[in-house]
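See structure below.
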Amino acid sequence: MSEQLYNEGTEEKGFTIAGGEVLLFSIEDVVYGVEIKYINEIIGIEQITVVPKVPDYIKGVINIRGKVVPVISIRKRFGKIEIPYDERTCIIVLEFNDGNQVGIIVDRVKEVSIVKPEEICITPDFKNVNANRYIKNIIESNNEIKLLLNCEKLVLE
């Protein structure tokens with residue numbers, strides 16, 4: 001891979017062309033990943049306060065230690081049918097460089113995985129494969145495909 005995908009040489013824990021740590025979770029039978037640098041905490045489903053006149057994928061807000069955090073349904077964001085929450089459904093709280101936090105509801109958290117450079121694939125630029133641009137890269141390891149999410153586009157667009 002000669003094309004540079006990410007900024008190298010940063011001091012923070014992050015994902016570069018050399019790989020990095022990724023939190024893996026599943027929605028239905030698809031495994032997604034989020035760069036570990038975005039993870040603030042993982043919490044169980046709690047009371048979500050509905051906010052009127054927001055897009056349908058925004059479930060509402062929760063209070064985490066006095067801070068109001070919006071919560072997004074990944075299922076709804078990806079146009080999938082929502083299912084009832086169970087004991088493994090949880091909220092991954094993402095934190096961005098500006099200190100803003102957003103919770104994403106996922107079906108199951110799997111594990112933290114270290115991604116090796118040879119497992120990183122460039123996302124195809126076909127509109128039907130990644131039309132929403134929420135997928136940053138494809139990770140292929142152990143004969144399994146995992147989709148690395150672009151957190152900024154997922155929550156800000």
In terms of hydrophobic clusters joined by side-chain contacts under 4.5 Å, are [X] and [Y] together?
X	Y	value
Ile58	Val68	yes
Ile27	Leu149	yes
Phe78	Ile138	yes
Ile145	Ile114	no
Val155	Ile36	yes

(Q) For Glu111, give me all partners under salt bridge (Lys or Arg N to Asp or Glu O under 4.0 Å), at least two apart in sequence or on another chain. (A)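 Salt bridge (Lys or Arg N to Asp or Glu O under 4.0 Å) list for Glu111, sorted by chain: empty.
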Q | Residue of the set Ile92, Ile72, Ile91 for which side-chain contact (heavy atoms from CB on, under 4.5 Å) holds with Ile105 | A |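 It is Ile91, the one option of Ile92, Ile72, Ile91 that forms the side-chain contact (heavy atoms from CB on, under 4.5 Å) with Ile105.
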Hey, what do you get for [atom1] ([X]) to [atom2] ([Y]), rounding to the nearest 0.5 Å?
X	Y	atom1	atom2	result
Ser113	Glu144	OG	CD	9.5 Å
Ile62	Lys67	CD1	NZ	11.5 Å
Lys59	Arg77	NZ	CZ	14.0 Å
Asn63	Gln47	CG	CD	12.0 Å
Asp107	Glu82	CG	CD	10.0 Å
Glu35	Leu94	CD	CG	10.5 Å

(Q) Checking Val106 against Cys90 for the side chain to side chain contact (heavy atoms under 4.5 Å, CB included) test, could you report, in this order, the C-alpha distance in whole Å, the side-chain angles of both residues, the deciding distance, and whether it holds? (A) CA-CA 6 Å; Val106 302; Cys90 58; 3.9 Å; yes
Anything under 3.5 Å between a donor and an acceptor, one on a side chain of residues 38-45, the other on a protein residue two or more places apart or in another chain? List them.
residue : atom : partner : partner atom : Å
Tyr38   : OH   : Glu152  : OE1          : 3.0
Tyr38   : OH   : Glu152  : OE2          : 2.5
Asn40   : ND2  : Glu95   : OE1          : 2.7
Glu41   : OE2  : Arg65   : NH2          : 2.5

Q. Side-chain contact, heavy-atom cut-off 4.5 Å: Leu154 with Tyr57?
A.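 Side-chain contact under 4.5 Å: no.
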Q. With a 4.5 Å heavy-atom cut-off, do Val22 and Val112 have their side chains touching?
A.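 With C-beta onward as the side chain, the pair stays apart.
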Q) Step by step, would you call Leu148 with Ile120 a side chain to side chain contact (heavy atoms under 4.5 Å, CB included)? A) CA-CA 9 Å; Leu148 182 67; Ile120 303 167; over 6 Å; no
Q) Which residues pass the side chain to side chain donor-acceptor pair (under 3.5 Å) test with Ser141, sequence neighbours left out? A)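 Checked Ser141 against side chain to side chain donor-acceptor pair (under 3.5 Å); matches are Lys146.
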Going by the rule side-chain contact (heavy atoms from CB on, under 4.5 Å), which residues pair with [X] if we only count those two or more places apart in sequence or in a different chain?
X	result
Asp86	Arg88, Thr89, Arg108
Val30	Tyr32, Leu147
Asp98	Phe96, Asn100

